[in-house]
Amino acid sequence: MTEKFIMAGETPMHVADTERGGQCVVLLHGYLESMLVWDEFVDLLKKDLRVVTLDLPGHGVSMINGEVHTMEYLADCVALTMEALGIDKYSVVGHSMGGYVALAMLDKYAKHLENITLLSSTTSADSQEKCDRRRREIELIKAGKKNTLARLVPHVGFATQNVNRLKDYIEDIRELILISEDDGVIAILGGMIERKSRGEQLRDSGIPHLFIFGRHDYYIPQEVADEMIEQDPNAKVVWLEESGHMGFYEEPEKCAEAILNMIKA
């Protein structure tokens, strides 16, 4: 992949692009991640698709722009990046927080979206309990204790049976957390607290969409996934039976197959 910086409006974006292929997919990483998490997964898609990955502002080496990065602002950055690359139509795969950004693109950029895949993500806004938990994370980071997040968070994303097998990836994610900018993480948390529910908007958009769930996802338990499916009967659904929240690491081939089937349909 070719790495470069591109101006998305006023925001410099760190981008990687395979640069070949007719249909294009942009992969949006989750909270406390960066585009580096997709490195191996891209290999499963690039024979069939042009693949773009990027650091969402506040993560990786893309810039921080203000005290709160709303999902709408991040959506603007993604759309303007794709415009700068000269790509008019594309599919979007959003992992966790990246799914929130993909959904926010429905406001202004629906005409560019061929389909949307929510990978271990939800269409609903945060509950009060989850908002409170994010506020506690903000206070933790402001207190200089981001290393606590790095110690506690990464392994929770994986199904118990995969933790030992994928311990090197877990360590990589821990390192991504440690090197992330405090102000960027705080800005992202603020944006997630503010985000709105978009299930009805997605359902009524007419854009084909896929939900990929991990059967052992701590963050999106079975009952939450079932409610999403019930509320959106037209959505395609794939379950990763041996995965937690990080299916593109835990069952990468099955995850890639589901995405390719969606895009190529």
Side-chain angles (χ1 to χ4, degrees), residues 27-34 37-38 41 56 58-59 71 74 93-104 116-138 140-141 146 148-163 166-167 169-170 172-174 176-177 180 185-186 188-199 202 209-232 235 237-252 254-255 258-259:
L27 306 179
L28 305 181
H29 64 78
Y31 170 58
L32 296 176
E33 300 172 2
S34 79
V37 299
W38 299 115
F41 192 69
L56 291 165
H59 285 74
M71 300 301 103
L74 298 180
V93 175
H95 174 242
S96 196
M97 182 200 76
Y100 311 155
V101 179
L103 291 170
I116 293 174
T117 295
L118 299 184
L119 173 55
S120 298
S121 190
T122 67
T123 55
S124 59
D126 281 352
S127 65
Q128 186 60 54
E129 179 184 0
K130 199 163 188 178
C131 286
D132 290 343
R133 187 162 67 243
R134 295 199 197 281
R135 292 188 181 97
R136 288 194 295 271
E137 287 187 34
I138 289 173
L140 196 69
I141 294 166
K146 189 176 63 186
T148 301
L149 290 180
R151 187 176 71 252
L152 298 177
V153 169
H155 72 278
V156 177
F158 293 79
T160 303
Q161 64 267 32
N162 297 327
V163 168
L166 299 174
K167 60 185 178 182
Y169 293 113
I170 294 172
D172 289 344
I173 295 170
R174 183 171 287 115
L176 285 177
I177 296 172
S180 61
V185 177
I186 290 170
I188 290 287
L189 284 165
M192 288 193 290
I193 289 170
E194 290 184 8
R195 70 188 179 84
K196 61 183 182 181
S197 293
R198 294 185 183 271
L202 177 63
H209 47 282
L210 166 68
F211 301 152
I212 301 179
F213 297 114
R215 192 67 74 178
H216 308 281
D217 193 335
Y218 170 80
Y219 297 105
I220 305 177
Q222 177 87 39
E223 58 269 22
V224 173
D226 287 343
E227 184 176 355
M228 280 179 60
I229 295 167
E230 182 180 356
Q231 293 176 353
D232 193 343
V237 180
V238 170
W239 283 96
L240 302 177
E241 298 295 337
E242 299 299 327
S243 292
H245 196 63
M246 307 294 289
F248 62 98
Y249 279 137
E250 296 173 274
E251 293 179 82
K254 185 173 180 180
C255 189
I259 291 168

[atom1]/[X]: more than 12 non-hydrogen atoms of other groups inside 6.0 Å:
| X | atom1 | value |
| --- | --- | --- |
| E230 | CD | no |
| E129 | CD | no |
| E227 | CD | no |
| K167 | NZ | no |

* **Donor-acceptor side-chain pairing of T160 and H216 below 3.5 angstrom** => no

* How are the rings of W239 and F213 set relative to one another: parallel (under 30°), tilted (30 to 60°) or perpendicular (over 60°)? -> tilted

* Plane angle bin for Y31 and H59 - parallel if under 30°, tilted between 30 and 60°, otherwise perpendicular -> perpendicular

Considering all heavy atoms of both residues, which atom of [X] and which atom of [Y] are nearest to each other, and what is their separation?
| X | Y | value |
| --- | --- | --- |
| A258 | I212 | CB-CD1, 4.0 Å |
| D126 | C131 | CB-SG, 3.6 Å |
| P154 | L149 | CD-O, 3.6 Å |

* Asked: Any donor-acceptor pair under 3.5 Å linking the side chain of R198 with the backbone of T123?
  -> no

* Asked: With no hydrogens and no angle check, is any side-chain donor or acceptor of R195 less than 3.5 Å from a backbone partner on S124?
  -> yes

* Asked: Taking it one step at a time, do T122 and Y219 satisfy side chain to side chain contact (heavy atoms under 4.5 Å, CB included)?
  -> CA-CA 10 Å; T122 67; Y219 297 105; over 6 Å; no

So do the side chains of [X] and [Y] get within less than 4.5 Å of each other, counting heavy atoms only?
| X | Y | result |
| --- | --- | --- |
| I173 | M246 | yes |
| M71 | K196 | no |
| V185 | I177 | no |

* **is_close_aromatic(H95, F248), centroid dist under 6.0 Å** => yes

* To do: Kindly determine whether H209 and L118 satisfy side chain to side chain contact (heavy atoms under 4.5 Å, CB included), including the steps that lead there.
  => CA-CA 8 Å; H209 47 282; L118 299 184; over 6 Å; no

